[in-house]
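Notes for the one structure printed next.
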Amino acid sequence: MKTAIVIGVGPDRGLGAQLCRRFAADGLKVIVAGRTSSTLEAVANAIEKSGGQAVPFVADATKESDIAALFDAAGSDLDLAIYNAGNNTPGRIIEMEADYFENAWRVVCFGGFLFGREAMRRMVPKKTGMLLFTGASASLRGRSGFGAFNSAKASLRTLAQAMAKEYAPDGIHVAHVVVDGAIAGDKIMNRFPDAASRQDSLISIEGIVDAFAFLYRQPERAWSFELDVRTSKEKW
Ligand SMILES: NC(=O)c1ccc[n+]([C@@H]2O[C@H](COP(=O)([O-])OP(=O)(O)OC[C@H]3O[C@@H](n4cnc5c(N)ncnc54)[C@H](OP(=O)(O)O)[C@@H]3O)[C@@H](O)[C@H]2O)c1
């Protein structure tokens, strides 16, 4: 059975959890990875209840040994790896502590390197597999008050592009999805109480998941590196 790893899984109404649900519904066994055991178990249980296969796995994306163990646990049927960790870290530069900036980079970019490297180490010898990264508006644009997050997401994007070029000749498809705006999920709903009243300016999670699923299905002679997804209301 083909296996997928998704790292950066939070609540059910979040992108990570919905990616797990979709790829499980499409017939893959999904390794549901993140830092919080109870959250991962809830997502994996929901998948199993609806007839899919899922295994929760606690791993911190910034820890080299955790990521190696995660890929070892996925086994030899690994076909898809998704790096979704990397939550926003607002803050102005003058007030920003150096370790805050460094931590943003560790989660968003360095973790993507560790994850991507382990994926390539396993996929390249088999000459097949796909690696997907979640991007944001920050992947393409700097914005006042978000310098730590913007710079890290932009670095992740160029890392992904380098990997796409480096490993395409080995039959590995690497792609990046720019989520250009706020997602209609728990993260935004919980943080901004008025968000529910402006749903039409929030990106549909199902629509984003469709973009990932489309990229995964692309035939080897028609690969995309990137898709961007935004609402019709977005000023970009
Ligand atoms: N929410 C938005 O509006 C929005 C907009 C554009 C782009 N994005 C991108 O979409 C992705 C997240 O989607 P989402 O906001 O719906 O959140 P989500 O997928 O529901 O949750 C992501 C989860 O990643 C986990 N995580 C954070 N740091 C981690 C680490 N070091 N190792 C392992 N897991 C870690 C966190 O859970 P734990 O704390 O339990 O580990 C977090 O809940 C991110 O790449 C983000 O940049 C989000």
Side-chain angles (χ1 to χ4, degrees), residues 5-23 30-44 46 56-67 69-71 81-90 102-116 118 132-141 143 146 148-157 159-160 176-192 195-196 198-199 201-209 211-212 226-231 234 236:
I5 299 175
V6 181
I7 192 159
V9 179
D12 185 58
R13 289 307 299 167
L15 181 54
Q18 292 300 315
L19 286 167
C20 293
R21 280 177 172 262
R22 171 68 65 88
F23 285 108
V30 179
I31 313 294
V32 180
R35 292 175 304 189
T36 309
S37 172
S38 56
T39 314
L40 305 175
E41 276 165 24
V43 173
F57 195 99
V58 175
D60 184 328
T62 64
K63 293 200 176 133
E64 195 168 11
S65 55
D66 282 14
I67 298 309
L70 170 64
F71 278 86
I82 302 180
Y83 192 77
N84 183 64
N87 296 115
N88 201 346
T89 46
E102 186 177 332
N103 283 335
W105 170 81
R106 282 193 178 279
V107 177
V108 172
C109 183
F110 178 65
F113 155 72
L114 294 175
F115 188 84
E118 293 307 312
L132 279 159
F133 292 94
T134 304
S137 313
S139 307
L140 304 173
R141 295 186 285 280
R143 190 173 151 210
F146 295 92
F149 182 64
N150 292 161
S151 56
K153 275 289 193 197
S155 302
L156 180 72
R157 178 174 184 258
L159 171 69
H176 180 256
V177 177
V178 176
V179 180
D180 193 7
I183 298 175
D186 279 358
K187 288 266 151 63
I188 295 295
M189 298 298 176
N190 295 339
R191 214 160 121 212
F192 304 102
R198 48 181 182 92
Q199 282 273 2
S201 64
L202 302 177
I203 308 177
S204 139
I205 301 189
E206 286 69 27
I208 303 168
V209 171
F212 280 80
E226 192 161 68
L227 284 181
D228 53 1
V229 185
R230 63 184 65 81
T231 74
E234 188 67 29
W236 59 290

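Atoms within a ligand are numbered from 1 in the order they appear, just like the ligands themselves.
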Are any of the N or O atoms of [X] closer than 3.5 Å to those of ligand 1?
X      : result
Gly86  : yes
Gly16  : yes
Gly135 : no

Please verify whether a non-hydrogen atom of [X] lies at under 4.0 Å from ligand 1.
X      : result
Gly181 : yes
Ala17  : no
Tyr83  : no
Gly185 : no
Ala138 : no
Thr39  : no
Lys153 : yes

Look up atom [atom1] in [X] and atom [atom2] in [Y], then write down how far apart they are to the nearest 0.5 Å.
X      : Y      : atom1 : atom2 : answer
Ile188 : Arg13  : CD1   : CZ    : 13.5 Å
Glu234 : Ser137 : CD    : OG    : 6.0 Å
Asn84  : Ile5   : CG    : CD1   : 13.5 Å

**Item:** Identified side-chain contact (heavy atoms from CB on, under 4.5 Å) partner of Leu19 from the options Ile208, Ile82, Val9
**Value:**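 Running side-chain contact (heavy atoms from CB on, under 4.5 Å) over Ile208, Ile82, Val9 with Leu19 returns exactly one hit, Ile82.
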**Request:** Could you check which of Val9, Thr62, Thr134 puts a non-hydrogen atom nearest to atom 9 (C) of ligand 1?
**Result:**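 It is Thr134 that holds the nearest heavy atom.
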**Message:** Quick check: do Arg141 and Asp180 have side-chain heavy atoms less than 4.5 Å from each other?
**Reply:** yes
**Prompt:** Are any of the side-chain heavy atoms of Arg198 and Phe192 separated by less than 4.5 Å?
**Reply:**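 Yes; the side chains approach each other to less than 4.5 Å.
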**Prompt:** Is it true that Arg106 and Asp60 have a side-chain N and a carboxylate O under 4.0 angstrom from each other?
**Reply:**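 Looking at Asp60 together with Arg106, the answer is no, because their closest N to O distance does not fall below 4.0 Å.
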**Prompt:** For ligand 1, is any non-hydrogen atom under 4.0 Å from Asp186's backbone (N, CA, C, O), its side chain (CB onward), both, or neither?
**Reply:** neither
**Prompt:** Given that the side chain starts at C-beta and the backbone is N, CA, C, O, which of these parts of Ile183 lies under 4.0 Å from ligand 1, counting heavy atoms, or is it both or neither?
**Reply:** both
**Request:** Please report the closest heavy-atom contact between Ala136 and Lys153, naming both atoms and the distance.
**Result:** CB-CE, 4.1 Å
**Asked** Of the non-hydrogen atoms in Val229 and Ala211, which two are nearest, and what is the gap between them?
**Response**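 Looks like CG2-CB, 4.0 Å.
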Students should be able to answer this: which protein heavy-atom is nearest to [atom], and at what distance?
atom                    : result
atom 18 (P) of ligand 1 : Lys187 NZ, 3.6 Å
atom 20 (O) of ligand 1 : Gly14 CA, 3.2 Å
atom 36 (C) of ligand 1 : Asn87 OD1, 3.9 Å
atom 39 (O) of ligand 1 : Arg35 NH2, 2.8 Å

**Crowding at CD, Glu64 (>12 non-hydrogen neighbours, <6.0 Å)** =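 Open: at most 12 neighbouring heavy atoms sit under 6.0 Å from CD of Glu64.
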